[in-house]
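First up is the structure itself, then whatever we jot down about it.
The shown structure was predicted, so the numbers you read here are calculated from the model rather than taken from an experiment.
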Amino acid sequence: MFALVDCNNFYASCERVFNPKLEGKPIIVLSNNDGCAIARSEEAKALGVEMGTPAFMIEDLIRDNNIQVFSSNYSLYGDLSDRVMTILSSYAPQVELYSIDEAFLDLSQLAYEDLQELGQRIRATVRQHTGIPVTVGIAPTKTLAKMANRFAKKKRKDTGVHWLKGPEQILEALEFTAVGDIWGIGPQRAKLLLRNGFKTAADLIKAPEDWVLKQMTVVGQRLLNELRGIPSIEWELETPPKKSICTSRSFGKLMTEKKDISQAVANYTAACAEKLRTQNSCAEKIHLFLQTNPHRVEDPQYFRSITVPLTVASNNTPELTKTALWALNKIFRHGFKYMKCGIIVMDLVPATEVQSGLFDKKNRKKDGQVMQVLDKVNRQFGKELLRFAVQGYEKRYKLRQASLSPRYTTRIEEIVKVKL
DNA sequence: TCTGGGGTCCTAGGACCC
DNA sequence: TCTGGGGTCCTAGGACCC
């Protein structure tokens, strides 16, 4: 049996941990740039705030119902996530950290008789130690555990735990789950399935195997197995190194000047390079994209991207920046109002296995040491103290974050103060 | 009229996830 | 005025090889 533990309305719950006055009140957390609602408390959901709604479209709803609004505070969410995951890891020998707010636990080696009771204990402990409410789904496969979790959220709000103990409970969950709500079925597949008369997961498990293979490839085949109780999705017990790393942001306001965009490109590249060094990888290619705002139909639109191979794979900030700025020069056109750009470093290889170049004149060892010092200093001070001139200081493209809460758990200056 | 057969590698794009 | 960010996997089709 496997468990899927999922934090309820995670970002909204994080905001509540250090601000208990928010208990029982509608809360939403906005995406970067205070763009869209990406997390909602139950009360906000009840008011009809849909996932991904642009904030400016629900201004009236927010005002009339006194919805508490927060900008995303990833320092806080990341840290609370680590704490939740640490607790979960103490309950099972094999835990897969699936996302910032979810983990799979392998319970098969454990001697527990009553998994329902175990689920409730996990839930109580996480709540007590972190303040975060979680829901637990338990079932014979990952996909069914996801389904059990969803079932618990909808139908077992009192306990927050649901165990698909036998065929009877499995069938009940399958019948309860519309095809579009199955983990691994997105809008396209859902449409296809509905067109062909499959409404719920219970219908889908009766589908002919060759039809599923033809229409939904091997992905569908695996999914069908999982729904039938045969584990078919691999476990990732340690996080594998990333194969590509992306840093992209919308600008706080539309940008027209190349020098401003260069600054953003330099900063995004520096962020990618830092992430590369953290996982000890080098990139063989760097990809840059630049775009206008597609929502502004009245404006001329421009969307370009370019991929540049590096002669020698690298994670060196100045070297990658130089290439990125060269790439920007290639695709930048005057006369557009730019909304967003991004850097993707691709084809990552372990830093220890970099193929050196025949005509390479760089002193890579020395460059690497400089980066090491830079990372060390920046980490120690908890911010980007050391940076390169092209990154600039005043960020003209900076994000809008009007309602940012304190980084309670990772910055000593922002810790909760108690008055006696 | 008629134009081989079998294989690998790479890339772009689609679909999905949170 | 204002519309997120960061990933993975799979397939089809083209380029190339002998």
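Salt-bridge formation is detected for the pair A/Asp60/A/Arg63: a Lys NZ or Arg NE/NH1/NH2 atom is positioned less than 4.0 Å from an Asp or Glu carboxylate oxygen. Between A/Lys243 and A/Asp347 no salt bridge is recorded (no basic side-chain N to carboxylate O distance below 4.0 Å). A salt bridge does not link A/Glu257 with A/Arg396: every distance from a Lys NZ or Arg NE/NH1/NH2 to an Asp or Glu carboxylate oxygen is 4.0 Å or more. Between A/Glu102 and A/Lys146, at least one side-chain nitrogen of the basic residue sits less than 4.0 Å from a carboxylate oxygen of the acidic one, meeting the salt-bridge criterion. A salt bridge links A/Asp375 with A/Arg277: the distance from a Lys NZ or Arg NE/NH1/NH2 to an Asp or Glu carboxylate oxygen falls below 4.0 Å. A salt bridge between A/Lys214 and A/Asp210 is absent, with no side-chain N of the basic residue lying under 4.0 Å from a carboxylate O of the acidic one. The residues A/Lys322 and A/Glu319 are annotated as not salt-bridged, no charged nitrogen and carboxylate oxygen being separated by less than 4.0 angstrom. With respect to the salt-bridge test (charged N to carboxylate O, under 4.0 angstrom), the residues A/Arg400 and A/Asp34 do not qualify.
Contacts between residues 250-280 of chain A and DNA chain C, defined by a heavy-atom separation under 4.0 Å, are made by A/Ser250. The stretch residues 55-89 of chain A touches DNA chain C through A/Phe56, each having a heavy atom within less than 4.0 Å of the strand. Near DNA chain C, meaning a heavy atom under 4.0 Å from it, residues 285-301 of chain A has A/Asn293, A/His295, A/Arg296 in order of number. Of the residues in residues 232-244 of chain A, those lying under 4.0 Å from DNA chain C by heavy-atom distance are A/Lys242, A/Lys243, A/Ser244.
Think of the region where chain A sits on DNA chain B: with heavy atoms and a 4.0 Å cut, that region ends 5' and 3' at B/dT11 to B/dC18.
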Problem set entry | A/Arg379 vs A/Glu274, salt bridge (charged side-chain N to carboxylate O under 4.0 Å, His left out): CA-CA, chis, key distance, verdict | CA-CA 11 Å; A/Arg379 241 163 250 157; A/Glu274 203 267 331; 3.1 Å; yes

For this session: Go through the steps to decide whether A/Lys25 and A/Glu42 satisfy the test salt bridge (charged side-chain N to carboxylate O under 4.0 Å, His left out), and finish with yes or no.
Result: CA-CA 9 Å; A/Lys25 301 217 172 101; A/Glu42 292 304 324; over 6 Å; no

For this session: Walk me through it: do A/Glu43 and A/Arg16 pass the test salt bridge (charged side-chain N to carboxylate O under 4.0 Å, His left out)?
Result: CA-CA 13 Å; A/Glu43 299 78 9; A/Arg16 247 177 207 162; 2.9 Å; yes

For this session: Apply side chain to side chain contact (heavy atoms under 4.5 Å, CB included) to the pair A/Ile205 and A/Leu174, showing each step before the final yes or no.
Result: CA-CA 9 Å; A/Ile205 58 166; A/Leu174 289 171; 3.8 Å; yes

For this session: Please step through ring pair (Phe, Tyr, Trp, His ring centres under 6.0 Å) for the pair A/Tyr98 and A/Trp235, ending with a clear verdict.
Result: CA-CA 10 Å; A/Tyr98 178 65; A/Trp235 279 67; over 10 Å; no

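Between A/Glu15 and A/Leu22, the shortest heavy-atom contact is O-CD1, 3.8 Å. When all heavy atoms are compared, the tightest approach of A/Gly184 to A/Leu223 is CA-CD1, 4.2 Å.
A distance-only check finds a donor-acceptor pair linking the side chain of A/Ser314 to the backbone of A/Asn316 [under 3.5 Å]. Put simply, the side chain of A/Asn33 never gets that close to the backbone of A/Gly35: no donor and acceptor are under 3.5 Å apart. No donor-acceptor pair under 3.5 Å is formed between the side chain of A/Thr200 and the backbone N or O of A/Ala178.
Comparing the local axis fitted to the first five base pairs of the helix from B/dG5-C/dC18 to B/dC18-C/dG5 with the one fitted to its last five gives a bend of 0°, rounded to 10°.
Among the heavy atoms of the strands lying under 4.0 Å from A/Asn32 are primed sugar atoms or P, OP1, OP2 only; no base atom is included. Within the nucleic acid shown, A/Ile245 comes within 4.0 Å of sugar-phosphate atoms alone, with no base atom in reach, counting heavy atoms only. Across all strands, A/Ile185 comes closer than 4.0 Å only to sugar-phosphate atoms, never to a base (heavy-atom distances). Looking at heavy-atom distances under 4.0 Å, A/Lys191 makes no contact with the nucleic acid at all.
Across C/dC18 and B/dT3, the matching P atoms stand 25 Å from one another, rounded to whole Å.
Remark on DNA chain C: of its neighbouring residues A/Val218 and A/Tyr11, the 5'-side contact belongs to A/Tyr11, judged by nearest-heavy-atom nucleotide.
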